[in-house]
**Q** 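Here's a structure for you.
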Protein chains: 2
Amino acid sequence: MKILIVEDEIELLTAVSNYLVKENHICELAENYQKADEKISIYEYDIILLDIGLPDGNGLELIKAIKQNNLRAGIIVISAKNSTDDKITGLDLGADDYMTKPFQLSELNSRIKAVLRRRQSNGSNTIGFNEISIDTDSKEVRINDRKIKLTRKEHELLMYFLINKNRVLTKEAIAEHLWGDNIDMADNFDFIYTHLNNIRRKIKSAGGKDYIRTLYGMGYKFADV
Amino acid sequence: MKILIVEDEIELLTAVSNYLVKENHICELAENYQKADEKISIYEYDIILLDIGLPDGNGLELIKAIKQNNLRAGIIVISAKNSTDDKITGLDLGADDYMTKPFQLSELNSRIKAVLRRRQSNGSNTIGFNEISIDTDSKEVRINDRKIKLTRKEHELLMYFLINKNRVLTKEAIAEHLWGDNIDMADNFDFIYTHLNNIRRKIKSAGGKDYIRTLYGMGYKFADV
DNA sequence: CTTCCACAATGAGGATTTTCATAGTGCAAA
DNA sequence: TTTGCACTATGAAAATCCTCATTGTGGAAG
């Protein structure tokens with residue numbers, strides 16, 4: 001799961017991040033609200049851990065912003081204060097859970113799982129681009145309501161493009177995302193070419209446009225123009 | 001391996017830390033030279049990643065300090081500048097390698113491995129268990145010097161066992177490690193059974209014992225007894 | 001001790017992924 | 001403009017992975 005951690009204490013942040021990475025989550029960090037805001041406006045997250053005691057402003061505002069940009073994300077508020085006010089206000093604004101520092105990492109983990117469970121139990125969750133849409137739960141891919149069937153790698157690759165729409169992805173980055181570390185870059189990228197080819201073919205045959213732009217010598221970009 | 005990362009850019013620091021944790025390293029962080037200096041005087045590290053462009057002073061000084069306190073550590077200098085001066089000075093002072101930003105994580109990884117290899121004085125990097133040994137670089141698997149050929153998944157699975165020898169691994173943990181989040185647990189675990197079966201067969205046919213113990217209802221354990 | 005049932009093992013076949021061979025294309029330099 | 005070369009595309013074959021059907025097994029309950 002993709003998790004954004006908003007926290008200025010570097011020690012805490014590291015501990016949490018390292019722990020969550022070991023739990024097989026993908027972590028990104030923001031050490032203040034401004035950076036958090038930028039990330040939220042660009043990426044999709046499953047969980048956002050939000051310290052509301054940061055120096056540069058009121059974190060409760062950020063919750064609102066998250067609710068607008070990133071509906072899918074679960075929010076867990078972290079606070080040093082134990083003030084009931086903050087707690088109530090945070091939960092009112094749409095936070096899914098609330099923790100006070102200090103906390104056990106295992107506690108954090110179980111809360112994350114609980115929030116994910118709650119989130120996933122209800123309605124469907126799609127990410128899309130023009131006529132293309134992917135249901136992130138059922139993993140169904142549709143072109144104008146016409147369902148196409150992708151294999152796992154194809155699905156992962158298309159998903160990676162959609163999560164990073166309008167952003168150039170190098171072949172190296174794609175390889176690392178789809179195959180992890182144990183891929184030998186000294187090899188060639190035939191496998192990427194092949195999967196790209198298959199995705200393009202399947203989308204085209206269902207009447208979709210080819211939004212996968214090849215940037216010669218750079219990589220690929222999923223974009224309108 | 002224990003790694004200290006000295007870097008003030010939180011994005012880079014996180015990316016590096018997360019990546020290295022996944023590679024089974026233990027990471028600690030310092031966002032400036034003062035903190036780095038404190039940590040160095042207290043702890044032992046195997047590798048120190050050192051950004052010499054930090055705001056609070058001259059990083060080359062820190063190299064000297066490391067050399068005095070922490071002789072065992074390998075030093076990899078990171079720099080935004082491409083200046084030959086810095087490079088030479090850094091290497092002169094005893095850094096083991098030098099990288100310029102930006103860099104690929106995979107590149108960092110291979111440099112870390114190279115430095116560790118050099119430090120450990122002897123050539124290859126193996127992890128083993130009785131008559132079984134895996135070279136983590138060449139990915140060769142040997143049973144009493146008899147080489148066997150494993151497929152990727154088989155290799156990942158055996159590696160996972162060897163890294164966690166004597167530890168019980170649930171099927172869920174194995175699934176998550178080998179296939180990530182996008183595996184449907186509601187399914188069955190046939191694929192694990194199949195790969196286990198193949199590994200056992202290959203090891204046996206090369207004359208190795210079957211150290212993969214089945215713990216009924218619990219999972220599996222790679223152990224002698 | 002026997003029965004039963006969930007868990008585990010196994011082999012074969014189908015699906016997916018990767019490799020390979022070959023063809024096509026964009027960019028830079030002549 | 002032409003040429004050369006590295007990069008990209010493509011289809012088919014090979015290797016690997018996953019699914020399925022079937023068989024075997026451990027341990028709890030009776």
Side-chain angles (χ1 to χ4, degrees), chain A residues 139-141 148-161 168-205 209-223, chain B residues 139 141 147-161 168-205 209-223:
Chain A
K139 318 231 173 201
E140 284 181 353
V141 180
I148 62 176
K149 199 187 161 209
L150 297 184
T151 68
R152 177 151 41 124
K153 285 288 184 214
E154 288 161 11
H155 190 274
E156 284 175 358
L157 181 49
L158 183 58
M159 199 72 178
Y160 188 45
F161 272 122
V168 177
L169 304 173
T170 65
K171 293 194 293 290
E172 285 78 8
I174 293 172
E176 197 152 325
H177 184 79
L178 264 73
W179 289 273
D181 311 322
N182 42 354
I183 187 79
D184 194 355
M185 296 304 188
D187 282 16
N188 47 35
F189 294 101
D190 285 351
F191 41 91
I192 295 181
Y193 298 144
T194 301
H195 290 304
L196 276 177
N197 193 14
N198 291 337
I199 292 176
R200 281 169 160 159
R201 185 168 39 73
K202 287 185 181 180
I203 290 179
K204 199 190 302 175
S205 74
K209 281 188 209 153
D210 181 14
Y211 296 111
I212 303 176
R213 313 283 163 193
T214 303
L215 304 221
Y216 189 90
M218 309 251 107
Y220 298 88
K221 177 170 77 162
F222 201 90
Chain B
K139 319 232 173 200
V141 179
K147 196 158 80 181
I148 63 175
K149 202 188 158 208
L150 298 183
T151 68
R152 175 149 41 124
K153 286 287 184 213
E154 289 160 11
H155 189 274
E156 285 175 359
L157 182 48
L158 181 58
M159 199 73 180
Y160 188 45
F161 272 121
V168 177
L169 304 174
T170 65
K171 293 195 292 291
E172 286 77 9
I174 293 171
E176 198 152 325
H177 184 79
L178 264 74
W179 289 274
D181 309 323
N182 44 351
I183 187 76
D184 194 354
M185 297 304 189
D187 282 15
N188 47 35
F189 293 101
D190 285 353
F191 41 91
I192 294 181
Y193 298 144
T194 301
H195 290 303
L196 276 178
N197 193 15
N198 291 337
I199 292 175
R200 281 169 160 160
R201 185 168 39 72
K202 288 185 181 181
I203 289 179
K204 199 188 303 174
S205 74
K209 281 189 208 151
D210 181 13
Y211 296 111
I212 303 177
R213 313 282 164 193
T214 302
L215 303 221
Y216 189 90
M218 310 251 105
Y220 299 87
K221 178 170 75 163
F222 201 91

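Letters go in sequence order (proteins before strands), and every chain restarts at 1. Quick note: numbers below take in every heavy atom, side chains included, and nothing from hydrogens, waters or symmetry partners.
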**Q** Tabulate protein N/O versus nucleotide N/O from nucleotides 3-6 of chain D, keeping only pairs under 3.5 Å, one per line.
**A**
from	atom 1	to	atom 2	distance (Å)
D:dA6	N3	A:Y216	OH	3.2

**Q** Return the nearest nucleotide to the side chain of B:Y193; candidates are C:dA9, C:dG11, C:dT17.
**A** C:dA9
**Q** Is B:W179 near enough to D:dC17 that one of its side-chain N or O atoms lies under 4.0 angstrom from OP1 or OP2?
**A** no
**Q** Quick one: B:N198 CG to C:dA8 C1', roughly how many Å, whole number?
**A**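 Taking atom C1' of C:dA8 as the reference, CG of B:N198 is at 15 Å.
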**Q** Is it the case that the side chain of A:K202 and the backbone of A:K149 share a donor-acceptor pair, with hydrogens and angles ignored and the cut-off at 3.5 Å?
**A** yes
**Q** Rounding to a whole Å, what distance do you find between B:L157:CG and D:dC17:C1'?
**A**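 Between C1' of D:dC17 and CG of B:L157: 13 Å.
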**Q** Quick one: does B:T194 reach the base of C:dT10 with a side-chain donor-acceptor pair under 3.5 Å?
**A** no
**Q** Go through the structure and list residues passing side chain to side chain contact (heavy atoms under 4.5 Å, CB included) with B:K147, not counting sequence neighbours.
**A** B:E140, B:R142
**Q** So, does A:Y220 get its side chain near the phosphate of D:dC7, meaning an N or O under 4.0 Å from OP1 or OP2?
**A** no
**Q** With sequence neighbours excluded, tell me which residues meet salt bridge (charged side-chain N to carboxylate O under 4.0 Å, His left out) with A:D190.
**A**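 With sequence neighbours excluded, A:D190 shows a salt bridge (charged side-chain N to carboxylate O under 4.0 Å, His left out) to no residue whatsoever.
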**Q** According to a strict under-4.0 Å criterion, is A:N197 in side-chain N/O contact with OP1 or OP2 of D:dT10?
**A** yes
**Q** Can you give me the closest heavy-atom contact between B:I192 and B:W179, atom names plus distance?
**A** CG1-CZ3, 4.1 Å
**Q** Measure the angle between the two terminal helix axes of the helix from C:dC1-D:dG30 to C:dA30-D:dT1, five base pairs each, and quote it to 10°.
**A**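 That helix has its two terminal axes inclined by roughly 40°.
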**Q** In this structure, how many angstroms lie between the P atom of C:dA9 and the NE2 atom of B:H195, rounded?
**A** 14 Å
**Q** Quick check on D:dT16: is either OP1 or OP2 less than 4.0 Å from any side-chain nitrogen or oxygen of B:K202?
**A**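 Checking D:dT16 against B:K202, no side-chain N or O comes under 4.0 Å of OP1 or OP2.
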**Q** Taking A:D210's backbone N and O only, do any of them form a donor-acceptor pair with A:K204's side chain (distance below 3.5 Å, no angle check)?
**A** no
**Q** Can you list the residues that meet the ring-ring contact (aromatic ring centres under 6.0 Å, His included) rule with A:Y211, with sequence neighbours excluded?
**A**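 Partners of A:Y211 by the ring-ring contact (aromatic ring centres under 6.0 Å, His included) criterion, ordered by chain and then number, come out as A:F129, A:F222.
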**Q** Rounding to a whole Å, what distance do you find between B:F191:CZ and D:dA21:P?
**A**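 Taking atom P of D:dA21 as the reference, CZ of B:F191 is at 17 Å.
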**Q** Could you tell me which residues satisfy side chain to side chain contact (heavy atoms under 4.5 Å, CB included) with A:T170, sequence neighbours excluded, listed by chain and number?
**A** A:E172, A:A173
**Q** State whether A:K171 places a side-chain N or O below 4.0 Å from either non-bridging phosphate oxygen (OP1 or OP2) of D:dT8.
**A**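 Indeed, a polar side-chain atom of A:K171 lies that close.
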**Q** Apply side chain to side chain donor-acceptor pair (under 3.5 Å) to B:R201 and list each qualifying residue two or more places apart in sequence or on a separate chain.
**A** B:N198
**Q** Would you kindly give the CG-to-P distance between B:D190 and C:dT16, to the nearest whole Å?
**A** 17 Å
**Q** Between B:R201 and C:dA9, does any side-chain N or O lie under 4.0 Å from OP1 or OP2?
**A**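 Indeed not, no polar side-chain atom of B:R201 lies that close.
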**Q** Is the shortest side-chain N/O distance from A:R200 to OP1 or OP2 of D:dA9 below 4.0 Å?
**A** yes
**Q** To the nearest Å, give me how far apart CZ (A:F189) and P (C:dT19) are.
**A** 12 Å
**Q** Partners of B:N197 by side chain to side chain contact (heavy atoms under 4.5 Å, CB included), sequence neighbours excluded?
**A**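 With neighbours one apart ignored, the set is empty.
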**Q** Nearest whole angstrom, please: distance from the P of C:dA8 to the CG of B:L196.
**A** 10 Å
**Q** Roughly how many Å is it from NZ in A:K204 to P in D:dA9, rounded to a whole number?
**A** 11 Å
**Q** Excluding sequence neighbours, so at least two apart, what forms side chain to side chain contact (heavy atoms under 4.5 Å, CB included) with B:T214?
**A** B:R200, B:Y220
**Q** With a 3.5 Å cut-off and just heavy-atom distances, do the side chain of A:T151 and the base of C:dT17 make a donor-acceptor pair?
**A** no
